Protein chains: 2
Amino acid sequence: MSAQPTIIIVDDDPGIRESLEGLLRSVGLQVKTLASVPEFVKEGRPEGPACLVLDVRLPGQSGLDFQRELAAANIQVPIIFITGYGDIPMSVRAMKGGAVEFLTKPFREQDLLDAIQLGLARDRAWLENEKAIAELRARFETLTPREREVMALVVTGRLNKQIAYDIRISEITVKVHRGQVMRKMKAASLPDLARMADKLNFTAEKHQTC
Amino acid sequence: MSAQPTIIIVDDDPGIRESLEGLLRSVGLQVKTLASVPEFVKEGRPEGPACLVLDVRLPGQSGLDFQRELAAANIQVPIIFITGYGDIPMSVRAMKGGAVEFLTKPFREQDLLDAIQLGLARDRAWLENEKAIAELRARFETLTPREREVMALVVTGRLNKQIAYDIRISEITVKVHRGQVMRKMKAASLPDLARMADKLNFTAEKHQTC
DNA sequence: ATTCTGTTTAAACCAAAGTATAATCGCTAG
DNA sequence: CTAGCGATTATACTTTGGTTTAAACAGAAT
């Protein structure tokens, strides 16, 4: 169903990279090793499900800073931290930032593999959700400005005549727009459309006027 | 608006209890100190917003075990861990379990106060949400079995005639039940009802047959 | 035995939603 | 200039949704 998962190892120590890579490949995982963070940033995250295995201490930027940077750039990818010289505040910060796991060397191989499975599972779920939202957004893009306005009001439960009054057009025009909205959004029913709107976070924006 | 927040300190060392209590009281927080976990379990969580300040090592049961126990018992309350002798796996486990913060002694007072504010904010949001759901559940309780069935089908977007066919009653009967559902649930519109159903996790159960 | 609740249905409407056809108008891209 | 899009509206229906009134019936509770 979903594409081949990719594990990305970022560590400046070639020995560790190779050792981790060997372990992961031995269980059939597709691995990509990088020596530094910029290499990851350059390519962006892989298409399929992925998981980052990151050393906390990295040349230039620390793994924790990198985690923040990804979050700020709105790039979602599960991170597993590995460190030889970590402390509690470091691990707490990593976990607060949404890390899947924070392992201290030496760690049991099984712990890493478990964490990776968990990370991949999360990423699959996230990707699936993103895909669904992207599809909805694509449909929403095809709506004309007026149709978006009408949709925003429809999903709040307003009646056609009320919507007509709200935006000062005739009720019949509302019906036309509303019908178009249902068709373009491929909504099977009103509750369906309402749920789509919720997924598109209509709660916060209502309908941007830009 | 919301009730007075309560901070619950659980620590077996009376000196630490008093010192923490003093600090928190000095910033105007209502504090309750306990020497052990069973004392908390006995009373259950306070009415208003609350936050637990918990030593990881406690007589009998560790703070982490207690955290798990609360989660298992479905008792929600933000936890801030404090420890003098912690390690990384311990902190990681605590954070995975949803802890707000994990502080190592000695810590800056401001860090604890910040964590407490964050914990209280989370708890307020949680309480508010719980209250809303409880209200919905109360309304749902007033529905008769038939009304619940009809509601379940209505919020999926089925038409009255389809529902009638589904449960083999006449369309007019469906209308009667549907009207009752809208009134009893205090739903202002169909999208409104659909959202209520979603909040009541109709996705998972649809409608239990028990 | 009687009351009450839940369930069912019919008749008779009224309101709301949705569809199809057709036409007008302003604006923009060829 | 003209074709096309977005927006608007009207007419004319059909289909759904929703309410009221009234009635019937079964089963549980008093």
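Only a predicted model underlies this, so the values are computations on that prediction, with no experimental measurement involved. Chain A is the first sequence line, chain B the second, and so forth, proteins listed ahead of strands; every chain is numbered from 1.
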Nucleotide-resolved protein contact map, nucleotides 8-16 of chain D, B/S/- at heavy-atom distance under 4.0 Å = SBBBB---S

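Residue B:Glu47 qualifies as open at atom CD: its count of foreign heavy atoms under 6.0 Å is 12 or below. With a 6.0 Å radius and a threshold of 12 heavy atoms from other residues, nucleotides or ligands, B:Lys96 has its NZ atom above the threshold. Counting heavy-atom neighbours within 6.0 Å of B:Lys184 NZ, excluding the residue itself, gives a total above 12. No more than 12 heavy-atom neighbours from other residues, nucleotides or ligands sit within 6.0 angstrom of CD on B:Glu128. Annotation for A:Arg68: atom CZ does not count as buried by contact number, only 12 or fewer foreign heavy atoms lying within 6.0 Å.
Looking only at distances, no side-chain donor or acceptor of A:Arg17 sits under 3.5 Å from a matching main-chain atom of A:Thr33. A donor-acceptor contact shorter than 3.5 Å is absent between the side chain of A:Gln30 and the backbone of A:Ile7. The backbone N or O of A:Lys161 sits nowhere less than 3.5 Å from a side-chain atom of A:Arg158 that would complete a donor-acceptor pair. Panel note: side chain B:Glu147, backbone B:Thr144; a donor-acceptor pair is recorded below 3.5 Å.
Over its length, the helix from C:dA1-D:dT30 to C:dG30-D:dC1 turns its helix axis by 40°, as judged from the five terminal pairs at each end, rounded to 10°.
One interatomic measurement links the two molecules: CD of A:Gln180 to P of D:dC5, which rounds to 12 Å at whole-angstrom precision. Protein atom CD of A:Glu147 is 8 Å distant from nucleotide atom P of D:dG6, rounded to whole Å.
Within the structure, a side-chain polar atom (N or O) of B:Arg183 is placed less than 4.0 Å from OP1 or OP2 of D:dT19.
First and last contacting nucleotides of DNA chain C toward chain A (any atom under 4.0 angstrom from a heavy atom, 5' to 3' order): C:dA16 to C:dA20.
When side chains are defined from C-beta on, B:Lys32 does not count as touching B:Pro46, because their heavy atoms never get closer than 4.5 Å.
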